[in-house]
Participant: 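Submitted below is the structure of interest, expressed as structure tokens.
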Amino acid sequence: MPGARILLVDDEAPLLDLLKLYLERLGYEVEACLTPADALKSFATDPSRYSLVLTDLTLPGMKGDEMIAQMRAIAPKLRVIIVSGYPYQPKGKRTAFLQKPFLPKMLAEQIEELLKS
């Protein structure tokens with residue numbers, strides 16, 4: 001669903017930049033944040049503008065799933081993709097998991113699937 005807005009959160013700047021560029025080439029609007037604090041601040045200003053949050057599980061100061069729990073306290077139907085090099089079992093509806101490393105095509109397919117739900 002090109003045109004949808006994605007909040008992207010990862011503490012590795014090169015990966016954040018690469019994912020942002022890839023998602024924008026697919027037609028998504030992307031806001032990228034290096035920290036959970038920045039992501040929560042952006043999200044709180046207008047939660048309805050985000051179609052999906054894509055976050056790493058391991059972030060400085062707060063785990064990605066903890067950040068998502070705070071966001072879902074505001075927007076319970078938020079769609080989320082959590083990525084990690086570690087195994088993870090997603091909790092809740094509208095939550096997907098991608099194990100690192102993953103192919104760009106796998107990410108694109110997961111985003112499309114979640115946005116249809």
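In what follows, every heavy atom counts, from backbone to side chain, and hydrogens, waters and symmetry copies are set aside. The first residue in the sequence is number 1, and the count goes up from there.
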Participant: Any side-chain heavy atom of Val80 sitting closer than 4.5 Å to one from Met71?
Facilitator: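 No; the side chains remain at least 4.5 Å from each other.
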Participant: Side-chain heavy atoms under 4.5 angstrom apart, residues restricted to Ile, Leu, Val, Met, Phe, Trp, Tyr: same cluster for Leu78 and Val30?
Facilitator: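 The answer is no; the residues belong to distinct hydrophobic clusters.
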Participant: Would you check if Leu115 and Tyr28 make a side-chain contact, meaning some heavy-atom pair closer than 4.5 Å?
Facilitator: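 With C-beta onward as the side chain, the pair touches.
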Participant: Can you see which heavy atom on Ile74 is nearest to which on Pro47, and at what distance?
Facilitator: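 In this case the closest contact between Ile74 and Pro47 is CG2-CG, 3.5 Å.
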Participant: If you take all heavy atoms of Leu16 and Cys33, which pair is closest and at what distance?
Facilitator: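 Reported closest heavy-atom pair: CD1-O, 3.8 Å.
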Participant: Do Leu98 and Leu26 sit in the same hydrophobic cluster, where Ile, Leu, Val, Met, Phe, Trp and Tyr count as joined when their side-chain heavy atoms come under 4.5 Å apart?
Facilitator: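 In one cluster with Leu98: Leu26, yes.
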Participant: Ignoring hydrogens, what is the shortest heavy-atom contact between Val9 and Ala39? Give both atom names and the distance.
Facilitator: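 Taking Val9 first and Ala39 second, the nearest heavy atoms are CG2-CB, 3.5 Å.
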Participant: Would you say Ser48 and Asp46 are linked by a side-chain donor-acceptor pair, where the criterion is simply a distance under 3.5 Å?
Facilitator: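 Judged by distance alone, the side chains do pair up.
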Participant: Between the side chain of Thr45 and the main-chain N/O of Ser42, is any donor-acceptor distance below 3.5 Å?
Facilitator: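 Judged by distance alone, yes, a pair lies under 3.5 Å.
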Participant: Ignoring hydrogens and geometry, is there a side-chain-to-backbone donor-acceptor pair from Arg5 to Glu31 under 3.5 Å?
Facilitator: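 Checked: no pair found.
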Participant: From Leu114 CG over to Thr95 OG1, what is the distance, rounded to the nearest 0.5 angstrom?
Facilitator: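 OG1 of Thr95 is found 7.5 Å from CG of Leu114.
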Participant: Can you tell me how far the CD atom of Glu12 sits from the OG1 atom of Thr58, to the nearest 0.5 Å?
Facilitator: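 It is 9.5 Å, given to the nearest 0.5 Å.
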Participant: Quick check: closest heavy atoms across Arg79 and Ser117, and the distance to 0.1 Å?
Facilitator: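 Taking Arg79 first and Ser117 second, the nearest heavy atoms are NH2-O, 2.5 Å.
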Participant: How far does CG of Leu7 sit from CD of Glu29, to the nearest 0.5 angstrom?
Facilitator: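 Taking CG in Leu7 and CD in Glu29, the distance rounds to 12.5 Å.
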Participant: Looking only at heavy atoms, what is the nearest atom pair of Ala4 and Ser51, with distance?
Facilitator: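 Residues Ala4 and Ser51, closest heavy atoms: CB-OG, 3.4 Å.
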Participant: More than 12 heavy atoms of other residues, nucleotides or ligands under 6.0 Å from NZ of Lys100: yes or no?
Facilitator: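 Correct, the count exceeds 12.
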Participant: I'd like to check Leu107 versus Leu19 (side-chain heavy atoms, cut-off strictly below 4.5 Å). Are they in contact?
Facilitator: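 A side-chain contact under 4.5 Å exists here.
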Participant: Show me the side-chain donor-acceptor pairs of residues 82-92 shorter than 3.5 Å, one per line, residues at least two apart or across chains.
Facilitator:
unit_1, atom_1, unit_2, atom_2, d
Ser84, OG, Tyr86, N, 2.9
Ser84, OG, Tyr86, O, 3.4

Participant: Hey, could you give me the CG/CG distance between Leu34 and Leu8, rounded to the nearest 0.5 Å?
Facilitator: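 Answer rounded to 0.5 Å: 9.5 Å.
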Participant: Roughly how far apart are Asp10 CG and Thr55 OG1, rounded to 0.5 Å?
Facilitator: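 Taking CG in Asp10 and OG1 in Thr55, the distance rounds to 7.0 Å.
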Participant: In this structure, would Val53 and Phe102 fall into the same cluster of hydrophobic residues linked by side-chain contacts under 4.5 Å?
Facilitator: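 No, no single cluster joins them.
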Participant: Mind checking the CE-CD spacing from Met106 to Gln99? Nearest 0.5 Å is all I need.
Facilitator: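 That separation rounds to 9.5 Å.
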Participant: Which atom names give the shortest non-hydrogen contact between Lys77 and Arg94, and what distance separates them?
Facilitator: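 Where Lys77 meets Arg94 most closely, the heavy atoms are O-CD, 3.1 Å.
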Participant: Would Phe43 and Leu57 show up in the same hydrophobic cluster when neighbours are defined by side-chain heavy atoms closer than 4.5 Å?
Facilitator: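 Cluster IDs for Phe43 and Leu57 match.
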Participant: Any side-chain heavy-atom pair from Gln110 and Glu113 closer than 4.5 angstrom?
Facilitator: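 Yes - at least one pair of side-chain heavy atoms lies under 4.5 Å apart.
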Participant: Leu15, Tyr22: one ILVMFWY side-chain cluster at the under-4.5 Å cut-off?
Facilitator: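 Shared cluster, yes.
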Participant: Indicate yes or no: at least one non-hydrogen side-chain atom of Ile111 is less than 4.5 angstrom from one of Leu23.
Facilitator: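 They are in side-chain contact.
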